[in-house]
Protein chains: 2
Amino acid sequence: MVAQLIAHIEKQVTLSAEDKAFMEELLAPTLLNKKQFLFKAGEPCRARYFVLEGCLRLYITNSKGTDQMIQFGINNWWITDYMSFKSKKPSVFNLQAVTNATIIAINEAQQEELLTKIPQLERYFRLVLETAYGASLMRFNYIFNMSGEERYRFFSNLFPDFVQLVPQYLIASYLGVTPEFLSKVRAKKV
Amino acid sequence: MVAQLIAHIEKQVTLSAEDKAFMEELLAPTLLNKKQFLFKAGEPCRARYFVLEGCLRLYITNSKGTDQMIQFGINNWWITDYMSFKSKKPSVFNLQAVTNATIIAINEAQQEELLTKIPQLERYFRLVLETAYGASLMRFNYIFNMSGEERYRFFSNLFPDFVQLVPQYLIASYLGVTPEFLSKVRAKKV
DNA sequence: GTGTTTTCTTAATCAAGATTAAGTTTTTTG
DNA sequence: CAAAAAACTTAATCTTGATTAAGAAAACAC
């Protein structure tokens, strides 16, 4: 299953047979049960996580006690709290499995080893982050320039399967609307 | 002035004297006049830009014809449209100087040369992007969990000088409110 | 330094979506 | 499979902040 991560890396940089063997030896997939936490707010985030299968969510519990979705993590995406992982300070976020999931976690020690032995990975992670950051700039555009209804229709058009897969109230939160409002929009069935 | 960029890089990675000399030779600062564009929507973004002095803005003109701020670029920050720069496709954004500004532009050819001769820069850019992406996740938190008024008070508390420096309607747009609303909030003077 | 453009303010009206409060359906669990 | 928990729906009321429309004040340009 580490092969899936290796394949993802090889889309960006070249890996020798040794590199790959080293990765296979160092890394192993982890199975997560639905609702299992990787870390909770108040704890530091100790790794970066690559999603092989299933769905994770990064969210924050706000001052009113309601959960706000920040980011979904699905197939072949990295998800983590970079701030906390880097600083080793407690995270303000929670990272939880939405469905049963398979991930590869890379903690600090493993990251050190990997980046030392396979320096091309610096480039790989740079490219991954450029894509993620670019996508997040587009998300600001959607948030500010579309209504809640438009955001939902756009999103469910882009990820029709995903919308079926995770609870609606998580989609609502990710889009910045209430579940009640989303329900109303869906009922229109335009 | 390239020294300022070098200093920024040396906070993250080690550069040899040759590395620095090479950078000084390859790169040069560019002066921008207030309102000058680096690229407009429809044109590809051909470089990444490091702000030495002054302020840039990345914004998008929406379907109603109004401008929506996406990102400010100030002192020691990188700003670009990574999507467009990477794909060479037209950008949907505009990148413009808000004030007179001094920047260092790194185009694709220069980037190639730099990353080949100074491979540590891969790591530097990775770290820069982790910070930027981490900050953008926090911005989603602020957008979703704070009212427009709270966002303004929080922002102007965090960057009191900056709020004085750029037109209010740009701050309003960045925070996702209208200039009229921001004016009302400021009038309260609580 | 005066005319023009840009920016900011005030105030009335309006709308998108939140809140509240049940009630219903679906899923999970023992 | 029955009870409990989780997820979804409906509808009435309410609120934040948008829109519209002037007008005032700064900033710029000739």
Side-chain angles (χ1 to χ4, degrees), chain A residues 32-37 54-55 57 59 61-69 72 94 96-100 142-156 162-190, chain B residues 32-37 54-55 57 59 61-69 72 94 96-100 142-156 162-190:
Chain A
L32 297 177
N33 291 320
K34 186 172 173 172
K35 306 229 163 148
Q36 191 176 333
F37 283 92
C55 176
R57 65 169 177 147
Y59 72 95
T61 303
N62 65 25
S63 50
K64 284 175 214 144
T66 54
D67 290 346
Q68 174 60 53
M69 275 294 315
F72 284 113
N94 306 270
Q96 187 189 28
V98 175
T99 63
N100 291 342
Y142 301 138
I143 290 171
F144 289 129
N145 288 319
M146 290 172 143
S147 69
E149 175 159 0
E150 286 170 327
R151 245 139 52 214
Y152 173 70
R153 301 213 184 282
F154 183 81
F155 186 84
S156 64
F162 183 72
V163 170
Q164 296 311 107
L165 209 103
V166 309
Q168 257 178 60
Y169 67 92
L170 290 185
I171 309 265
S173 174
Y174 181 77
L175 297 174
V177 298
T178 57
E180 291 86 355
F181 180 71
L182 191 65
S183 183
K184 197 158 74 180
V185 166
R186 284 164 48 89
K188 278 209 214 168
K189 198 67 186 166
V190 175
Chain B
L32 297 178
N33 291 320
K34 187 171 173 172
K35 308 229 163 148
Q36 192 176 334
F37 283 91
C55 177
R57 65 170 178 146
Y59 71 95
T61 303
N62 65 25
S63 50
K64 285 174 215 145
T66 53
D67 291 346
Q68 175 60 54
M69 274 295 313
F72 285 113
N94 307 270
Q96 187 189 28
V98 175
T99 62
N100 290 342
Y142 300 138
I143 290 170
F144 289 130
N145 287 320
M146 288 172 145
S147 69
E149 176 162 357
E150 286 171 326
R151 246 140 52 216
Y152 173 69
R153 302 214 185 280
F154 182 81
F155 186 84
S156 66
F162 183 72
V163 170
Q164 297 310 107
L165 208 106
V166 310
Q168 257 176 59
Y169 67 92
L170 290 184
I171 309 265
S173 175
Y174 181 78
L175 297 174
V177 298
T178 56
E180 293 85 355
F181 179 70
L182 191 64
S183 184
K184 198 158 72 179
V185 166
R186 285 164 47 90
K188 278 208 214 170
K189 200 65 185 165
V190 176

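First the proteins, then the strands, lettered A, B, ... as listed; each starts at 1. Predicted model only: the values in this text are computed from it and were never measured.
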Task: Side-chain ion pair, Lys184(B) and Glu180(B), N-O less than 4.0 Å - done: no
Task: Check: Arg57(B) main-chain N/O paired with Gln96(B) side-chain donor or acceptor under 3.5 Å - done: no
- [ ] Determine yes or no for a side-chain-to-main-chain donor-acceptor pair under 3.5 angstrom, with Asn100(B) supplying the side chain and Lys34(B) the backbone.
- [x] yes
Distance below 4.0 Å between [X] side-chain N/O and [N] OP1 or OP2:
X         : N       : result
Thr178(A) : dG17(C) : no
Gln168(A) : dA6(D)  : no
Lys64(B)  : dT19(D) : yes
Lys34(A)  : dT28(C) : yes

Give the nucleotide from the list [options] with an atom nearest to the side chain of [X].
X         : options                  : result
Arg186(B) : dA18(D), dT20(C), dT9(C) : dT9(C)
Lys35(B)  : dA18(C), dA7(D), dT7(C)  : dT7(C)
Pro167(B) : dT6(C), dC8(C), dG17(C)  : dC8(C)
Tyr169(A) : dA6(D), dC8(D), dT9(C)   : dC8(D)

Let me know the distance between [atom1] of [X] and [atom2] of [N], rounded to the nearest Å.
X         : N       : atom1 : atom2 : answer
Lys188(A) : dT9(D)  : NZ    : P     : 15 Å
Glu180(A) : dC14(D) : CD    : P     : 17 Å
Met146(B) : dT15(D) : CE    : P     : 22 Å
Leu182(A) : dA18(C) : CG    : C1'   : 14 Å
Tyr152(B) : dG17(D) : OH    : P     : 15 Å
Lys184(B) : dT13(C) : NZ    : P     : 13 Å
Asn145(A) : dA16(C) : CG    : P     : 16 Å
Phe181(A) : dT16(D) : CZ    : P     : 18 Å

- [ ] Using ring pair (Phe, Tyr, Trp, His ring centres under 6.0 Å) as the criterion, point out the one residue from Phe155(A), Tyr142(A), Tyr169(A) that pairs with Tyr174(A).
- [x] Phe155(A)
Open item on the list: If only side-chain N and O atoms count, and only distance matters, is there a donor-acceptor pair under 3.5 Å linking Arg186(B) with Tyr152(B)?
Closed with: yes
